[in-house]
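All remarks here apply to the structure that follows.
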Protein chains: 2
Amino acid sequence: MRSVSQQTLQRLPLYLSYLKSLMPDLPPNISAGNIAQALGFGEVQVRKDLAAVSAGGRPKLGFVTADLMADVKHYLGCDNIDDAVLVGAGKLGKALLTYEGFFEYGLDIVAAFDSDPNVREKSISGKRIYAVEDLRGFCMENNIRIGIITVPADKAQPVCDRLVDAGILAIWNFAPVHLKSPDPILIRNENLAASLAILSKHLVETFAK
Amino acid sequence: MRSVSQQTLQRLPLYLSYLKSLMPDLPPNISAGNIAQALGFGEVQVRKDLAAVSAGGRPKLGFVTADLMADVKHYLGCDNIDDAVLVGAGKLGKALLTYEGFFEYGLDIVAAFDSDPNVREKSISGKRIYAVEDLRGFCMENNIRIGIITVPADKAQPVCDRLVDAGILAIWNFAPVHLKSPDPILIRNENLAASLAILSKHLVETFAK
DNA sequence: TAGATTGTTAATCGATTAACAATC
DNA sequence: TAGATTGTTAATCGATTAACAATC
């Protein structure tokens with residue numbers, strides 16, 4: 001096992017996702033060539049990526065599929081489940097609270113927070129919704145490290161500040177704004193609109209003429 | 001204006017998003033250095049990215065902020081609004097239907113489709129929800145090119161097939177599965193769980209020891 | 001053995017960075 | 001003019017690809 005580049009890291013979840021898609025009829029073995037073809041990548045690239053995180057395959061046979069899955073999962077840290085809190089129980093927030101598959105990837109959203117008292121009455125798929133005032137106490141007490149922001153754009157920065165104050169180390173931000181935070185905090189912006197712009201651009205280039 | 005690399009294309013929406021975040025007090029001018037610092041990129045990198053899509057800045061002054069925004073928007077194709085349909089009006093689907101900012105980036109979700117007759121009664125933020133059976137007719141009639149999939153994982157492939165059959169050219173897939181489609185169709189997988197795995201990995205690496 | 005597939009080493013390609021000249 | 005900032009050219013860096021040796 002050796003060091004993994006940024007690009008490889010980006011592709012690893014795709015391999016895992018593809019392997020999972022083969023369930024429940026998981027073939028006992030799978031070759032880098034198979035995977036490459038399915039995902040439209042180069043064969044050598046896949047082999048190199050897998051070599052970086054797996055125990056290795058066998059010539060002629062390929063990789064033991066189950067082992068490969070386990071290795072990729074392990075590398076991505078899907079083993080050690082991280083608890084997270086979510087702020088903003090609007091439609092997107094609710095969607096994430098019920099999204100299938102986070103747990104599979106090592107994330108457990110343990111609670112949600114919202115400023116609207118009316119939302120707080122219900123719990124979403126077994127997760128309670130608390131007042132934003134309780135955020136700090138909850139995070140401190142439960143040693144939460146990941147926060148998810150699904151509030152409107154204009155509320156995102158104050159929420160970010162609150163999360164940092166609550167001891168959060170990494171933030172997954174769905175609000176379409178650029179957040180400022182002190183240095184050691186890790187922020188991943190999931191700007192869906194921006195992400196779409198790239199699709200749209202590709203579309204134009206591919207089919208324009 | 002010259003050719004734009006994959007990486008530059010990925011960063012352009014971030015520049016746009018940052019510039020938007022300065023509103024409503026948009027400064028008349030802005031330098032590549034300013035932007036670089038705000039986003040944590042290299043100064044030269046930003047300058048090169050912007051040079052590729054903008055009319056150019058002025059030494060000492062920087063770029064005219066409004067012009068720069070317009071240029072980036074234009075390059076990303078945010079000018080020509082694309083109509084899209086969404087299949088699967090569950091929580092995530094509803095969230096996307098009401099998501100702020102898609103229109104700003106050139107996407108207009110004009111209708112949603114769902115297999116559940118009960119969901120169909122209401123419309124979400126002015127958008128009607130139709131039966132999946134009407135998908136083909138609607139897309140053909142309205143010349144829709146983009147489809148968004150927000151159904152559960154096990155329903156995604158049939159929906160994908162339907163969309164292709166309806167003449168859709170690009171698909172934005174939120175279901176955590178790997179979709180198969182005939183060659184010319186453009187598929188962008190938005191696997192939120194996978195995307196999260198990368199955040200989680202960074203977190204471990206940054207704070208582990 | 002022959003064929004398939006792995007992993008490695010070297011060559012190519014592309015993107016980032018550094019240095020610098022140009023300009024307001 | 002001096003200083004800030006742009007854009008360009010060349011050098012560096014990193015990732016992908018190609019060729020090949022190793023192995024089951």
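Proteins get letters first, then strands, A, B, ... in listed order; numbering begins at 1 in each.
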Between B:Thr150 (side chain) and B:Gly88 (backbone), is there a donor-acceptor pair under 3.5 Å?
yes
What heavy-atom pair brings B:Lys127 and B:Val110 nearest, and what distance separates the two atoms?
CG-O, 4.0 Å
[X] [atom1] - [N] [atom2] separation (whole Å):
X	N	atom1	atom2	result
A:Asn34	C:dT5	CG	C1'	11 Å
B:Lys60	D:dG7	NZ	C1'	18 Å
A:Leu9	D:dG14	CG	P	17 Å
A:Asp49	C:dG7	CG	P	12 Å
A:Asn29	D:dT23	CG	C1'	15 Å
A:Lys48	C:dA10	NZ	P	11 Å
A:Leu50	D:dT16	CG	P	13 Å
B:Phe41	C:dA15	CZ	P	16 Å

Using only side-chain N and O atoms of A:Arg11, determine if any of them is under 4.0 Å from OP1 or OP2 of D:dA15.
no
At under 4.0 Å, does any side-chain N or O of A:Arg47 touch on OP1 or OP2 of C:dT6?
yes
Nearest-nucleotide pick for [X], side chain only, options being [options]:
X	options	result
B:Ser31	C:dC24, D:dT6, D:dT17	D:dT6
A:Gln45	C:dT17, C:dT5, D:dT17	D:dT17
A:Phe63	D:dA15, C:dC24, C:dG7	C:dG7
B:Ala51	C:dA4, D:dT6, D:dG7	D:dG7

State, yes or no, whether a side-chain contact exists between B:Leu19 and B:Phe63 at a heavy-atom distance under 4.5 Å.
no
A:Leu61 or A:Val44, whichever maps to the more 5' nucleotide of DNA chain C:
A:Leu61
Residue closer to the 5' end of DNA chain C, B:Gln6 versus B:Arg58 (nearest nucleotide):
B:Gln6
Please say whether the positively charged group of A:Lys20, taken as NZ for Lys or CZ for Arg, lies over the ring of A:Tyr105, i.e. under 6.0 angstrom from the six-membered ring centre and within 45 degrees of the axis.
yes
Could you check whether the rings of A:Phe138 and A:Tyr130 sit parallel, tilted or perpendicular, using 30° and 60° as the cut-offs?
tilted
Flag yes if more than 12 heavy atoms outside B:Lys91 fall under 6.0 Å of its NZ atom; otherwise flag no.
no
Answer yes or no: are there more than 12 heavy-atom neighbours, outside B:Gln10 itself, under 6.0 Å from its atom CD?
yes
Return the CD1 to CZ distance between B:Ile198 and A:Arg188, rounded to the nearest 0.5 Å.
5.0 Å
Sugar-phosphate, base or nothing in reach of B:Gly57, heavy atoms under 4.0 Å:
sugar-phosphate
Classify A:Gly42 by what it touches in the nucleic acid, base, sugar-phosphate, or nothing, heavy-atom distance under 4.0 Å.
nothing
Stems involving DNA chain D, each a run of at least 3 consecutive Watson-Crick or G-U pairs under 3.5 Å
C:3-24 with D:3-24
